[in-house]
Visitor: 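Would you mind keeping the following structure in view while I ask a few things?
In the text below, chain A, chain B and the rest are named by the order of the sequence lines, each starting its count at 1. Just so it is clear, the structure is predicted and the values come from calculations on it, not from any experiment.
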Number of protein chains: 2
Amino acid sequence: MLDDLDRNLLEILVKDARTSLKELAAQVGLSSPSVSERLRRLEERGVIRAFTVEIDPLALGYTLQAIVRIRPLPGKLHIVQKLIEDIPEFSECDKVTGDDCFVARLFVRSIGDLDGILDRIADKAETSTAIIKAQPIRRRPPPLDATASRDRAKVLQAS
Amino acid sequence: MLDDLDRNLLEILVKDARTSLKELAAQVGLSSPSVSERLRRLEERGVIRAFTVEIDPLALGYTLQAIVRIRPLPGKLHIVQKLIEDIPEFSECDKVTGDDCFVARLFVRSIGDLDGILDRIADKAETSTAIIKAQPIRRRPPPLDATASRDRAKVLQAS
DNA sequence: AGATTTCTGTCGAGATCGTCCAGCATTTTA
DNA sequence: TAAAATGCTGGACGATCTCGACAGAAATCT
């Protein structure tokens, strides 16, 4: 479904999405029309979801990041979800198993903003907020090569 | 520090990082050399952290995503952090305030892989794992315009 | 097995795009 | 007020991308 050349292309593009077709072609050993065609199909198939820029939130004044766990009160699940979606400072929200129904990431410019936003859902859900102090790993794609962690573990055991 | 034109450019690029200078220039009402210069400076200042592609993890076989809260045992904090960083399936990790020291995002291809990875830190930290069932909000940048939530809240109060 | 279709690739030409440079207007500094 | 600095425009040049025609390998069908 996804051959070595594709993975190779993706790896290069993750690092720099502006790499020219010519350069990509040279690095994977194809002609640029071929690369162009492969990219087109990767997009068509949804493998490449988007070409985008990563923006430093600090540059926009967001000095604070928090992870908020949200437990809607009985019957309020959909209202809470809608509310979260409509607050643009929530940059990410996952619906998860377990007691916490949602885990969301919040960007704010000040503690005051944080309080203001949490207030807006306080009467519909219980929340636990954790302020982010550091980011040991900042958003990276999972490994592109086929060897999953379990495979590597096996190899390690064998050696 | 960041004027309307810059924000406008960023907004367009977030949606499609491949938008040509010509197109960007047309949309913000500048010439392409000017846009080029602005982008160069946005990168130089670190506002634009990178041009990248967003890849669908499913296309790579990662059918499962989990959020793992990690509490290293006494004295194991650094070892645990190093361990997490070295496991590529952890695509994100934040160091937060509160009982949970780390909150991390994990991509795996199977429940077996999940178990295998968590086993590797089980003797050095307590973990709580929540499987992601759905993603109401998938990674979006915080609002680019200057009006923070608190400002809007004030407006709402006033009306 | 052999023929046909499909898929994936190359090459070259024309169109498009990005970059460099000279010059101009506006703002800042002395 | 004069001088310097900043940010912009337009045009020319070079590089890049895209399109069409065609070739070879793999898969499919008879």
Visitor: Among residues 32-50 of chain B, which residues get a heavy atom nearer than 4.0 Å to DNA chain D?
Guide: B:Pro33, B:Ser34, B:Arg38, B:Arg41
Visitor: Taking A:Glu85 first and then B:Arg140, would you say they form a salt bridge - that is, a charged N and a carboxylate O separated by under 4.0 Å?
Guide: no
Visitor: Round to the nearest Å and state the distance from A:Leu24 atom CG to D:dT18 atom P.
Guide: 12 Å
Visitor: Using a 6.0 Å cut-off, check whether atom NZ of B:Lys22 has over 12 heavy atoms from anything other than its own residue.
Guide: no
Visitor: Classify the nucleic acid contact of B:Ser31 as base, sugar-phosphate or nothing, counting any heavy atom under 4.0 Å across all strands shown.
Guide: base
Visitor: Tell me the interatomic distance from B:Leu5, atom CG, to D:dG7, atom C1', rounded to whole angstroms.
Guide: 11 Å
Visitor: Between D:dC17 atom P and B:Leu21 atom CG, what is the distance in whole Å?
Guide: 13 Å
Visitor: Could you check how far NZ of A:Lys22 sits from C1' of C:dC11, rounded to whole Å?
Guide: 15 Å
Visitor: What's the CD-P distance between A:Glu23 and D:dC17, to the nearest Å?
Guide: 10 Å
Visitor: Applying side chain to side chain contact (heavy atoms under 4.5 Å, CB included) to A:Phe102 and A:Val96, what does each step give before you reach the verdict?
Guide: CA-CA 6 Å; A:Phe102 298 109; A:Val96 300; over 6 Å; no
Visitor: I would like to know whether B:Leu10 and B:Leu2 meet side chain to side chain contact (heavy atoms under 4.5 Å, CB included); could you show each step before the answer?
Guide: CA-CA 10 Å; B:Leu10 291 177; B:Leu2 209 68; 4.3 Å; yes
Visitor: Would you say the side chain of A:Met1 lies within less than 4.5 Å of the side chain of A:Arg45, judging by non-hydrogen atoms?
Guide: yes
Visitor: Taking only Lys NZ, Arg NE, NH1 and NH2, and the carboxylate oxygens of Asp or Glu, determine whether B:Asp94 and A:Arg105 approach each other closer than 4.0 Å.
Guide: yes
Visitor: Mind checking whether A:Ile12 and A:Leu5 sit in one hydrophobic cluster, side chains of I, L, V, M, F, W, Y counted as touching below 4.5 Å?
Guide: yes
Visitor: How close or far is atom C1' of D:dG10 from atom CG of B:Leu30, stated in whole angstroms?
Guide: 14 Å
Visitor: What bend angle does the helix from C:dA1-D:dT30 to C:dA30-D:dT1 show across its length, from five-pair end axes and to the nearest 10 degrees?
Guide: 40°
Visitor: Considering only NZ, NE, NH1 and NH2 on the basic side and carboxylate oxygens on the acidic side, decide whether A:Arg7 and A:Asp3 come within less than 4.0 Å.
Guide: no
